[in-house]
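Notes to accompany the following structure.
Numbering of ligands and ligand atoms starts at 1, following listing order.
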Amino acid sequence: MPREFKVLVVGAGMAGLMLGHLLERANIQFEIYERAEELRPLGSAMGFGANILALFEQIGIYEDFKKVSKEVFGTAFVDDNHRQTAEIGGRFLAEKFGYAYRIFSRPDLMKVLLSRVPAHKIHMGKKLVDLVQDDEKVTLTFADGTTATGDLVVGADGGYSTTREHLYKWLEEKGTLPAIDREPMTFGFYNLLGTTNPMDPAKYPVLAEEEGKIIILHRSNSRHAIQTFAVPGNRFAWNVTCHIASNFGYDSKVSSTTDWGTEATDAMIEEVREFNAPFGGKMKDFIDATPRESISRVKLEEKMFRSWYGGRVILVGDACHKMVPSAGQGAVNAFQDAAVLVNNLYDIPDRPTGADLEAAFASHYEERYPNAVIAFEISQQQSVLIQGQTLFHRIMRWIVSHTIPQYLQERTIDRVNSYRPQVSFLPMVPDKGVFGVQPRKVSKRYQEELSAGAQAL
Ligand SMILES: Cc1cc2nc3c(=O)[nH]c(=O)nc-3n(C[C@H](O)[C@H](O)[C@H](O)COP(=O)(O)OP(=O)(O)OC[C@H]3O[C@@H](n4cnc5c(N)ncnc54)[C@H](O)[C@@H]3O)c2cc1C
């Protein structure tokens, strides 16, 4: 029998879909509301490692994920003339943490996740415009005038979260919103990205290789860095990043909107078409092989929000921690949020009071906030090292790659990979690799269910 409370999830992105799958597995009632009329296959390459692949293995999506991803054992940095300037090795990852790093195209992972959530529980064309909570329930109103009522709301609606806006108004009225949470997100990079249609392996032999390869080309006479990844299906996932900063320091700009629409995308396509591409040829070869409607231009905003919950509302994913993507931690942390939140909801009473929900949210925050901060800080450091294009950042990159020993560079990776949450209401998969893993909380309810099952036998 499903539990008697109902979760309303706003947003069917990475976090929303993972939540849907885990809530289904936990037998908790839920509905997902997504503003888009249809889920479009937008995005470029992403990479995941041990800190989320243990969860993938536990919930049974690792095999499907492997089919759409490639192992990658290193990243090469090259200049405009394809001369290698630095290299980061990755072969130690599998041995140390039990899982190799894998790259894939975002739309492929979205398809895997979508196949794991009952279609009738995802409501498209439902743009949240209002949220009202009281002691008993919470009610959502959508742009089409319809409403939905549930026991709690999870805002998985991304960096410009409407759920967050309503939660913050509620917290402000109570006088508990820190001023810092009202400051806008910042950004120091913007990005043009896409995934090509299948290309010719005879022209690009890297496509036929079993192992994935990442090449990052730093242009010497502009602020652009270009990344290209060979992903399964003879395709390339590519992105061109532009760094906007003064010569020293991080210097992010304030951001007020998430993208610029088609005219700005067309302008950036024109700007970068003649750039040399990392695997040879020009960027236009890759751009022309990519359906125009799936090319997007995005700002890479960042902000670590302090307030994640209040009353019957909680935020997950980019809605509460928007990270720059260089360290590959944004979606990983969105999934970790989903797993830890469902763990905490699994243990609340069948008919939870407001106090039960707040206690579950507080327990979630206690585990997730410090780990998200680590991922956020590492993302910030990596973004300037990998994509920083001022003189200062070029010098920093050279120093780090040529003078800092491998074991010190690995410390950053160790920090994020020692935290590998799994869900507490399913059998755990054993930890792999040789590096220690942070202890996980055990579900009281699950333990009771297991012993009741054992006694019944
Ligand atoms: C170029 C790039 C590369 C990246 N690479 C990596 C990587 O390698 N590894 C990694 O872990 N992360 C990576 N990330 C980050 C990752 O994509 C994000 O962190 C992740 O998608 C966040 O998921 P989310 O579900 O929180 O938000 P989103 O994926 O943004 O989903 C939010 C959803 O909510 C919907 N929505 C918004 N407002 C409303 C509303 N009012 N009503 C209803 N629905 C609404 C949106 O339409 C959307 O579907 C990368 C990001 C970029 C830009």
Side-chain angles (χ1 to χ4, degrees), residues 8-20 31-40 42-49 51-53 69 72 101-107 109-110 113-114 122-131 140-144 148 153-166 187 189-195 214 225 227 229 231 237-241 258-259 295-302 305 315-338 372 375-376 378-379 382-383 386-387 416:
L8 309 181
V9 179
V10 184
M14 294 275 177
L17 292 178
M18 179 58 87
L19 264 170
E31 305 289 335
I32 302 177
Y33 299 95
E34 165 60 45
R35 71 177 168 192
E37 294 293 338
E38 56 176 336
L39 290 175
R40 286 170 59 211
L42 288 177
S44 175
M46 301 177 74
F48 287 167
N51 62 350
I52 205 58
L53 296 182
S69 61
V72 58
Y101 197 68
R102 302 189 72 92
I103 49 170
F104 57 95
S105 168
R106 182 179 184 274
L109 177 66
M110 291 295 281
L113 292 174
L114 261 177
I122 307 177
H123 307 276
M124 304 301 294
K126 296 289 175 188
K127 181 180 179 197
L128 177 72
V129 291
D130 197 18
L131 182 161
L140 304 179
T141 304
F142 304 104
D144 63 1
V153 167
V154 185
D157 46 351
Y160 292 88
S161 165
T162 306
T163 313
R164 187 178 67 228
E165 271 310 301
H166 288 281
F187 81 107
F189 300 90
Y190 61 87
N191 213 329
L192 185 76
L193 52 89
T195 302
I214 303 177
Q227 300 192 52
F229 311 74
V231 293
W238 55 269
N239 64 65
V240 183
T241 305
T258 190
D259 60 84
I295 300 179
S296 37
R297 176 177 168 167
V298 293
K299 284 180 184 166
L300 304 182
E301 303 93 338
E302 59 179 334
F305 293 90
L315 307 172
V316 294
D318 280 9
C320 56
H321 44 66
K322 182 83 174 78
M323 303 177 193
V324 275
S326 301
Q329 292 301 313
V332 164
N333 276 265
F335 291 154
Q336 291 176 341
D337 287 348
F376 181 84
I378 286 170
S379 300
Q382 296 279 322
S383 70
I386 291 178
Q387 287 161 331
V416 282

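- The shortest N or O to N or O distance between Thr162 and ligand 1 is under 3.5 Å.
- Within the model, atoms CG of Leu8 and CD1 of Ile32 stand 11.0 Å from one another, a figure rounded to the nearest 0.5 Å.
- Listed by chain and number, the residues in a ring pair (Phe, Tyr, Trp, His ring centres under 6.0 Å) with Phe229 amount to none (sequence neighbours excluded).
- Considering Thr241, Leu300, Ile386 as possible partners of Val324, the one that fulfils the side-chain contact (heavy atoms from CB on, under 4.5 Å) test is Leu300.
- Of the N or O atoms in Gly328, one or more lie within a sub-3.5 Å distance of an N or O in ligand 1.
- Residue contacts with ligand 1 include Ala156, since one or more of its heavy atoms lies under 4.0 Å from the ligand.
- A distance of 9.0 Å separates OG of Ser69 from CD1 of Ile103, quoted to the nearest 0.5 Å.
- In terms of N/O distances under 3.5 Å, ligand 1 is approached by Arg35.
- Considering backbone and side-chain atoms together, Asp318 places an N or O closer than 3.5 Å to an N or O of ligand 1.
- Of the N or O atoms in Leu39, none lie within a sub-3.5 Å distance of an N or O in ligand 1.
- In terms of polar-atom proximity, Glu34 is counted as a contact of ligand 1, with an N or O under 3.5 Å from an N or O of the ligand.
- Ligand 1 has an N or O atom lying under 3.5 Å from an N or O atom of Met14, backbone or side chain.
- Taking Gln227 as the reference, nothing meets the side-chain hydrogen bond (donor to acceptor under 3.5 Å, both in side chains) condition, with sequence neighbours excluded.
- Geometrically, ligand 1 and Val332 share a nitrogen or oxygen pair separated by less than 3.5 Å.
- By the 6.0 Å and 45° rule, Lys299 stacks over the aromatic ring of Phe187.
- Judged by the shortest distance from any of its heavy atoms, Tyr160 lies outside the 4.0 Å radius around the atoms of ligand 1.
- Considering backbone and side-chain N/O of Gly47, one or more are found under 3.5 Å from N/O of ligand 1.
- The option from Pro325, Gly11, Ala338 that lies nearest to atom 2 (C) of ligand 1, judged by heavy atoms, is Pro325.
- Which parts of ligand 1 touch Leu300 is read off a 4.0 Å heavy-atom cut-off, strictly below it: atoms 53 (C).
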